Enquirer: 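This is the structure I have questions about; it appears just below.
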Amino acid sequence: PSTHLKGCGQEEVADTLEEKFGGTSIIPTSTLKDKHDVQDEDLLSLKVDLLRVRCALLPVSSKWAELALCLGLDYSWIEEMKAKHWRAVDKCVTEVAVKWLRGGRRRQPSWEQLVKGIAAEMGGNDPAYAEKVANYAIMEDCPKCCGNVDTTVLDVNHSHGDVTMELWSVADKWKEIGIFLGIDYSSLESCDHLEPKVALSEVMKLWLTRRYDCVGFGDPTWKRLVEAVHSRAGAADHTLASKMADSRKRRH
């Protein structure tokens with residue numbers, strides 16, 4: 001079945017799908033589905049499911065435009081995103097996830113719709129396999145570099161400058177990092193007009209002052225930040241994550 005993914009140019013995912021399916025979910029259990037928000041647990045919402053949907057789209061990210069059409073998004077909007085995020089596929093994936101989850105005149109977004117769209121763009125129209133891929137996408141082995149990283153809870157007064165400076169080289173991924181850390185999308189959206197480094201600073205302030213679901217996403221720690229930098233759903237910068245981990249080892 002992995003040939004379906006290879007047809008989408010996702011050789012790395014295809015080659016490791018069977019051996020890596022498992023690991024640890026990068027989606028907090030409290031956000032997998034808040035059953036008090038919707039009666040049908042298959043339905044999805046921007047507030048609860050953004051990180052989950054974004055992860056599910058990553059294995060077919062090279063076909064984000066085709067998938068967006070399949071999910072019912074307007075062609076003119078897709079062309080606008082191509083111009084806005086030229087060659088920045090990860091940002092286009094984020095835009096698709098947000099736009100689709102916000103819904104509109106069509107029926108409310110659901111996991112079933114998403115899986116069918118992914119199946120269509122994988123070429124095999126196999127919803128069962130597509131769902132396996134989508135579920136695999138939220139699973140990630142904890143990076144080895146995180147093993148001994150400091151887990152002391154950070155605070156804005158002592159850590160804001162250090163944290164922000166560490167991430168300067170991935171400032172353009174400020175929104176993806178924010179989504180990974182659990183910052184509400186409306187708060188992230190309010191930073192869209194800012195330069196990347198300024199937006200990153202604002203996101204770190206929100207994180208360090210715990211203005212997000214701390215129970216679900218965990219306290220602000222260096223280990224959590226390293227995970228955000230390392231993860232394919234965050235900054236996807238393994239080199240920087242390893243460097244940060246080496247400099248923030250837990251004191252015994």
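Since the structure is predicted, the reported quantities are computational estimates derived from the model, not experimental observations.
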Enquirer: Which value, rounded to the nearest 0.5 Å, describes the distance between Leu200 atom CG and Trp207 atom CH2?
Expert: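 Here the rounded value is 11.0 Å.
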
Enquirer: Can we say Arg232 and Asp90 salt-bridge, meaning some charged N sits less than 4.0 Å from an Asp/Glu carboxylate O?
Expert: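 No, Arg232 and Asp90 are not salt-bridged.
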
Enquirer: Does any non-hydrogen side-chain atom of Leu167 lie less than 4.5 Å from one of Val170?
Expert: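 Sidechains of Leu167 and Val170: in contact.
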
Enquirer: Mind listing the closest non-hydrogen atom pair of Ala233 and Leu51 along with its distance?
Expert: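 Scanning both residues completely, I find the closest heavy atoms to be CB-CD1, 4.2 Å.
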
Enquirer: Strictly by modelled atom types, are His160 and Ser201 linked by a side-chain donor-acceptor pair under 3.5 Å?
Expert: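 A pair is found: one side chain offers a donor N or O, the other an acceptor, under 3.5 Å apart.
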
Enquirer: According to the interplanar angle, ranging from 0 to 90°, do the rings of Phe217 and Tyr212 count as parallel (below 30°), tilted (30 to 60°) or perpendicular (above 60°)?
Expert: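 Geometry flag for Tyr212 against Phe217: perpendicular rings.
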
Enquirer: Scan side-chain atoms only and decide if Thr152 and Asp150 contain a donor-acceptor pair under the 3.5 Å cut-off.
Expert: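 Yes, Asp150 and Thr152 have a side-chain donor paired with an acceptor closer than 3.5 Å.
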
Enquirer: Within this structure, what is the CZ-CG distance for the pair Arg248 and Asp162, rounded to the nearest 0.5 Å?
Expert: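 Here the rounded value is 5.5 Å.
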
Enquirer: Is it true that a side-chain atom of Ser247 and a backbone atom of Met244 form a donor plus acceptor pair closer than 3.5 Å?
Expert: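 Yes, the answer is positive, given that a donor and an acceptor are paired below the 3.5 Å cut-off.
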
Enquirer: Check the hydrophobic clustering (I, L, V, M, F, W, Y; side-chain heavy atoms under 4.5 Å; chains of links allowed) and say if Val156 and Val153 are grouped together.
Expert: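 No; Val153 is not reachable from Val156 via cluster members.
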
Enquirer: Is there a side-chain contact between Met81 and Trp64 in this structure, where contact means two heavy atoms from C-beta onward sitting under 4.5 Å apart?
Expert: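 A side-chain contact under 4.5 Å exists here.
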
Enquirer: Just so I know, are the side chains of Trp222 and Val163 near enough to count as touching, which here means a heavy-atom distance under 4.5 Å?
Expert: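 Contact flag for Trp222/Val163 side chains = yes.
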
Enquirer: Could you tell me whether the side chain of Arg210 reaches within less than 4.5 Å of the side chain of Asp219, counting heavy atoms only?
Expert: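 With C-beta onward as the side chain, the pair touches.
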
Enquirer: Can you name the nearest heavy-atom pair linking Ala228 to Leu181, along with the distance?
Expert: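 Heavy atoms only, the tightest pair is CB-CD2, 3.9 Å.
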
Enquirer: Donor-acceptor pair, distance only, cut-off 3.5 Å: does the side chain of Ser190 make one with the backbone of Ser187?
Expert: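 Flag set: sc Ser190 to bb Ser187 pair under 3.5 Å.
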
Enquirer: Measuring from atom CG of Leu154 to atom CG of Asn157, what distance do you get when rounded to the nearest 0.5 angstrom?
Expert: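 Separation between the atoms: 12.0 Å.
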
Enquirer: For Leu43 and Ser110, work out which heavy atoms get closest and say how close.
Expert: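 So the minimum-distance heavy-atom pair works out to CD2-CB, 4.0 Å.
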
Enquirer: Ion pair present between Lys205 and Glu202, side-chain N to carboxylate O less than 4.0 angstrom?
Expert: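 The answer is yes: the pair qualifies as a salt bridge.
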
Enquirer: Roughly how far apart are Cys55 SG and Leu50 CG, rounded to 0.5 Å?
Expert: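 These two atoms lie 9.0 Å from each other.
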
Enquirer: To the nearest 0.5 Å, how far apart are NZ in Lys99 and CG in Leu71?
Expert: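 The NZ atom of Lys99 sits 13.0 Å away from the CG atom of Leu71.
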
Enquirer: Any idea which heavy atoms bring Ser61 and Val93 closest together, and the distance?
Expert: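 Between these two residues, the closest heavy atoms are CB-CG2, 3.7 Å.
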
Enquirer: Hydrophobic clustering (ILVMFWY, side-chain heavy atoms < 4.5 Å, transitive) - are Met165 and Val198 grouped together?
Expert: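 Result: no, two separate clusters.
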
Enquirer: Are Ile177 and Met204 close enough that some pair of their side-chain heavy atoms sits under 4.5 Å apart?
Expert: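 Ile177 vs Met204: side chains touch.
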
Enquirer: I'd like to know if Lys243 and Glu166 make a salt bridge, using a cut-off of under 4.0 Å between side-chain N and carboxylate O.
Expert: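 No.
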
Enquirer: Could you report the tightest heavy-atom contact between Val203 and Gly178, atom names first, then the distance?
Expert: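 What the structure gives for the nearest pair is CG1-CA, 3.8 Å.
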
Enquirer: Between Asp213 and Gly216, is there a donor-acceptor pair closer than 3.5 Å when you use the side chain of the first and the backbone of the second?
Expert: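 Flag set: sc Asp213 to bb Gly216 pair under 3.5 Å.
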
Enquirer: Less than 4.0 angstrom from a charged side-chain N to a carboxylate O is my criterion; do Arg224 and Glu227 meet it?
Expert: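 Salt bridge between Arg224 and Glu227, a charged N being under 4.0 Å from a carboxylate O: yes.
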
Enquirer: Is Lys91 salt-bridged to Glu176, cutoff N-O under 4.0 Å?
Expert: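 Here Lys91 pairs with Glu176 in a salt bridge, since their nearest N and O are under 4.0 Å apart.
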
Enquirer: Are the side chain of Ser242 and the backbone N or O of His238 linked by a donor-acceptor pair below 3.5 Å?
Expert: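 At least one qualifying donor-acceptor pair exists.
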
Enquirer: Between the side chains of Tyr185 and Lys47, is a donor N or O closer than 3.5 angstrom to an acceptor N or O?
Expert: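 There is no such pair between these side chains.
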
Enquirer: Between Ser186 and Asp184, do the side chains contain a donor N or O and an acceptor N or O under 3.5 Å apart?
Expert: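 Yes, Ser186 and Asp184 have a side-chain donor paired with an acceptor closer than 3.5 Å.
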
Enquirer: Is there a side-chain contact between Trp100 and Leu44 (heavy atoms, below 4.5 Å)?
Expert: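 SC-SC contact between Trp100 and Leu44 confirmed.
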
Enquirer: Considering only heavy atoms from C-beta outward, does the side chain of Pro109 approach that of Leu114 to under 4.5 Å?
Expert: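 Pro109 does not reach Leu114 side chain to side chain.
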
Enquirer: Using a 3.5 Å distance criterion without hydrogens, assess whether the side chain of Asp237 forms a donor-acceptor pair with backbone atoms of Leu240.
Expert: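 Such a contact is found between Asp237 side chain and Leu240 backbone.
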
Enquirer: Could you grab the distance from atom OH of Tyr75 to atom CD of Glu80, nearest 0.5 Å is fine?
Expert: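 One gets 13.0 Å once the value is rounded to the nearest 0.5 Å.
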
Enquirer: Taking the side chain as every heavy atom from C-beta outward, state whether Glu121 and Cys70 have any atom pair closer than 4.5 Å.
Expert: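 Yes, close enough: below the 4.5 Å cut-off.
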
Enquirer: Have a look at Arg54 and tell me which of Val96, Thr94, Val98, Leu101 forms a side chain to side chain contact (heavy atoms under 4.5 Å, CB included) with it.
Expert: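 It is Thr94, the one option of Val96, Thr94, Val98, Leu101 that forms the side chain to side chain contact (heavy atoms under 4.5 Å, CB included) with Arg54.
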
